[in-house]
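Residue numbers count from 1 along this sequence. When a ligand or atom number is given, it counts from 1 through the structure's own listing order. Everything quoted here is computed from the prediction, not taken from an experiment. Hydrogens, waters and symmetry mates are skipped; everything else that's a heavy atom, side chains included, is used.
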Amino acid sequence: MIKKVAILANGGDVSGFNAVIRAIVKTAENNGVECYGFIDGYNGLLKNDYEKLSTANDEPASGILAKGGSIIGSSTNANVFNYKVVNENGEIEYKDLSDVCIENIKKDGFDCLFTLGGDGTLKSARDFSTKGVNVIGVPKTIDNDVACTEITFGYNTAVSVAAEALDRLHTTGETHHRIMVLEVMGRYAGWIALESAIAGGADIALIPEIPFDINKAVEKINSRIAKGKRFSVVVVAEGAVPKGGQLTIQNTRNNGSGVDNTKLGGIGQIVAKQLEELTGLEARNTTLGYMQRGGTPTAFDRVLSTKYGAKAMELALQGKFGVLAVIKNGKLDSVSLEDVVGNNTKIGAVSGNTAESNLRKVTMDDDLVKTARNIGICLGD
Ligand code: F6P
């Protein structure tokens, strides 16, 4: 019997964090379980900083379904298994502080910890589970690249924002006979770029999974010019790389392994410049950035987040720990965290934020790739 549970939201925020939190709290309340939220992700767990979550009037988890961000914060720099600390000599050291977290969980009697996050967050969740903590993960990221699930919460909102941006770039591009480039997020996976390209009627989509040849994009633009279309719309994932080239990195930080230390960005500008030089049309780049993560979730994400939150609490009530709530064949399900972030050859492990983590990348037989190719969207190959 579980009586007291805690939630933490970790990693880059997404629209839908609060909808998941609300669904966990509501399902908990309906089953007589008390719910708490650690503040600022794993940092809150380390500092034992938490608050009670309730959906009673004016309480923190009330009225948050459509609210962007996370009412309990989030952290993009907290790997408590390799935590950055400054020692007495002023030097930076990385320490495994996970036992402090486990002590906090035990001391205050939390029967289950819900971790809302992407591959880095879920790897820590798996490691806590291995150390005996009752953990249940919920797959979050706008990049949609968490292994073992068909969709993560936050992704649909990001795609909708990108599609709307493309609609707007379309009209200004057409008016001024320009190439309009939109750089979207997607470090290792091109889901946002690909799906928004289809939704927003783009002509070219460059994704991390297909190293691009700029000349292929030029050919596409020239073929449009030949048809009298003196403008083109291009979507570029931040993680897109030219054939034989490198990721475009804006800056790096040193928060240790297990967190994103490189900030990507700039490939859109590079592509725009090259296309301008090679086609003779003017080109402009727009970097969509954090617009994709902030603000109210779409109806789809509200429902998905609610399904995930309710399922996560259901799993806790059933005593199924060490798992991630997932969507499999379109239905709610769960898989072991080990399958998600462990050395899982079944899903073809590729390296993500952590050396061990698995990511779900766009595959060449995906319907989105086939659809894009069928309608003539150039994928840079
Ligand atoms: O992982 C999600 C993501 O949105 C990436 O696409 C992006 O590179 C990253 O977060 C940026 O996060 P931040 O700047 O908050 O560290």
Under 4.0 Å from ligand 1, counting heavy atoms only, is it the side chain of Arg293, its backbone, both or neither? side chain
Find all atoms of ligand 1 within a distance of less than 4.0 Å from any non-hydrogen atom belonging to Ile142, and give their numbers and elements. 4 (O)
Which atoms from ligand 1 have a heavy atom of Gly186 less than 4.0 Å away? 6 (O)
Holding to salt bridge (charged side-chain N to carboxylate O under 4.0 Å, His left out), I want the full list of residues that pass it with Glu277, two or more places apart in sequence or in another chain. Lys273
Under 3.5 Å between any N/O of Tyr290 and any N/O of ligand 1: does that happen in this structure? yes
Per the ring pair (Phe, Tyr, Trp, His ring centres under 6.0 Å) rule, what does the pair list look like for residues 276-305, sequence neighbours excluded? none
Taking only non-hydrogen atoms of Gly118, do any sit less than 4.0 angstrom from ligand 1? no
In this structure, CD1 of Ile105 is separated from NZ of Lys107 (nearest 0.5 Å) by 11.0 Å
Do Leu182 and Met185 belong to the same hydrophobic cluster, where Ile, Leu, Val, Met, Phe, Trp and Tyr are linked whenever their side-chain heavy atoms lie under 4.5 Å apart, directly or via other members? yes
Carboxylate-amine/guanidinium contact Glu282 Arg178, below 4.0 Å: yes
